[in-house]
Amino acid sequence: MAAYLDDQLSVEERARVEGHMADCDACVELLAAIVPDLPDPALVEGRGDPLPFPAAPGPMEPPPVRPRRLMRWMAPVAASLVVVIGSAAALRQWRDAGPGLEVLRAAHVDVRPVHGRLTSFGHAPEPPTTRSGGPASSDASLSLLDAAAAVEAARRERTDAASRHAYGVALLVAGDVDGAITVLSQAVAARPDDVAVLNDAAAAWLQKAQTTSDVQARQEARRLAERATAADPSRPEGWFNLARVAMLDGDDAAVQRALARLRAIEGASPWVEELAVP
């Protein structure tokens, strides 16, 4: 178990451990004892009963299968003690539900997958813009991409709003911007007043607007960022995204208003400094 948590096993050894742990409550008990700080997903994401969501605006192809180990996220997440779980029972529930947003936030260390600001993601340098609008590939981003693949695999077929949210953010992190917009739009329809869902949908549209000349993308990014800031003016992410899309629109007055609100919330944070650079 120690070698597993330290990511010292071969691909074959890791697969055997993960296959065994999927059916062994004793090993789950042991993992909970070793790592007492993994989250109860019901507390982290507020999972509920499956909610209906409207049909997608258009056909959505399933994301491609990526040649990555889908469970590689677990060791760095567990070892870093980023998020909180309380017991083996909670760990079993977390394991059975599959990874969600807490895994992406834990895997994100010094890599920023999008130009906008995702809810509860820390600051990192703005990514270079690629032709597809997705993140540029680098060794530093592999653990985050592995985490995204794990979330995609676990949440793709789940219809509750929290899973739609997690799946949409995972698609965005992996570079499937259009797929992320489709899925996050479903999450917004199911939770129209959820500030995190609104903000992350705004970030997805902003990513498209940043990498294309799509006027609709700018309009949707601004509309959703404004809804996020109205839903909870104390959250900083919406103000950052609103300032970014106002920059694209050339609306200097709106940029300064959003920047002032962000500075009032966070002070001289790296996000504020990024916006303040001429």
Side-chain angles (χ1 to χ4, degrees), residues 54-64 66 108 111-119 121 123-138 141 144-145 148 152 164-165 167-189 192 196-230 236-259 261-262 270-278:
M60 177 178 164
E61 295 295 326
R66 297 176 178 82
H108 158 75
V111 177
R112 179 164 155 196
V114 293
H115 294 278
R117 184 172 179 179
L118 292 167
T119 303
F121 275 59
H123 185 269
E126 188 175 0
T129 300
T130 65
R131 203 169 172 187
S132 66
S137 175
S138 70
S141 67
L144 182 59
L145 293 177
E152 287 178 30
R164 293 287 94 188
H165 183 195
Y167 180 33
V169 173
L171 290 173
L172 185 58
V173 166
D176 184 356
V177 178
D178 288 335
I181 286 171
T182 296
V183 175
L184 288 168
S185 295
Q186 295 166 352
V188 168
V197 172
L198 290 167
N199 178 74
D200 292 344
W205 281 107
L206 176 58
Q207 185 70 5
K208 184 167 185 173
Q210 191 81 42
T211 55
T212 69
S213 57
D214 192 323
V215 175
Q216 182 195 5
R218 293 204 312 272
Q219 292 172 340
E220 286 298 309
R222 187 161 189 162
R223 182 180 67 86
L224 288 162
E226 287 173 345
R227 285 178 62 184
T229 57
E237 296 93 349
W239 294 111
F240 179 88
N241 289 332
L242 186 56
R244 285 301 301 255
V245 72
M247 285 181 174
L248 295 179
D249 288 336
D251 189 345
D252 293 338
V255 171
Q256 293 306 314
R257 286 194 299 270
L259 177 57
R261 295 297 297 266
L262 183 63
W271 297 102
V272 169
E273 292 176 3
E274 179 178 319
L275 291 175
V277 173

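Between the side chain of N241 and the main chain of A221, no donor-acceptor pair closer than 3.5 Å is present. A donor-acceptor contact shorter than 3.5 Å is absent between the side chain of D249 and the backbone of Q219. Within the 3.5 Å criterion, the main-chain N or O of L171 finds no donor-acceptor partner in the side chain of D176. Side-chain atoms of R227 come within 3.5 Å of backbone atoms of P192 as a donor-acceptor pair (strictly under, hydrogens ignored).
The minimum heavy-atom distance linking A243 with V255 is given by the pair O-CG2, 3.6 Å. Heavy atoms only, all atoms of each residue included: A246 and R222 are closest at CA-NH1, 4.3 Å. A pairwise comparison of heavy atoms in A174 and E152 identifies CB-OE2, 3.4 Å as the closest pair. Here the closest non-hydrogen pair linking A225 and A202 is N-CB, 3.6 Å. Between G168 and V183, the shortest heavy-atom contact is N-CG1, 3.7 Å. The heavy-atom pair separating G238 from T229 by the smallest distance is C-CG2, 3.5 Å.
By the 4.5 Å heavy-atom criterion applied to side chains, L172 and D200 are not counted as neighbours. Side-chain contact between R117 and L262: present, with at least one pair of heavy atoms (C-beta onward) separated by less than 4.5 Å. Proximity of Q210 to R244: side-chain heavy atoms (C-beta onward) are separated by under 4.5 Å at one or more points. Residues L184 and R164 form no side-chain contact, since every pair of their non-hydrogen atoms from C-beta on lies 4.5 Å or further apart. At a threshold of 4.5 Å between non-hydrogen side-chain atoms, the residues V169 and T119 do not count as touching.
Residue Q256 holds its CD atom at 10.5 Å from CG of D251, rounded to the nearest 0.5 Å. Considering CG of D252 and CZ of R257, their distance stands at 10.5 Å, rounded to 0.5 Å. Between the CG atom in L275 and the CE atom in M247 there is a gap of 4.5 Å [rounded to 0.5 Å]. Taking CG of L259 as the reference point, atom CH2 of W239 lies at 11.5 Å (rounded to 0.5 Å). Atom CG of residue L248 and atom CG of residue L206 lie 6.0 Å apart, to the nearest 0.5 angstrom. Distance CG/N199 to CG/L118: 7.5 Å, rounded to 0.5 Å.
A salt bridge links R223 with E220: the distance from a Lys NZ or Arg NE/NH1/NH2 to an Asp or Glu carboxylate oxygen falls below 4.0 Å. Salt-bridge annotation for E274 and R112: present, with a side-chain N of the basic residue lying under 4.0 Å from a carboxylate O of the acidic one.
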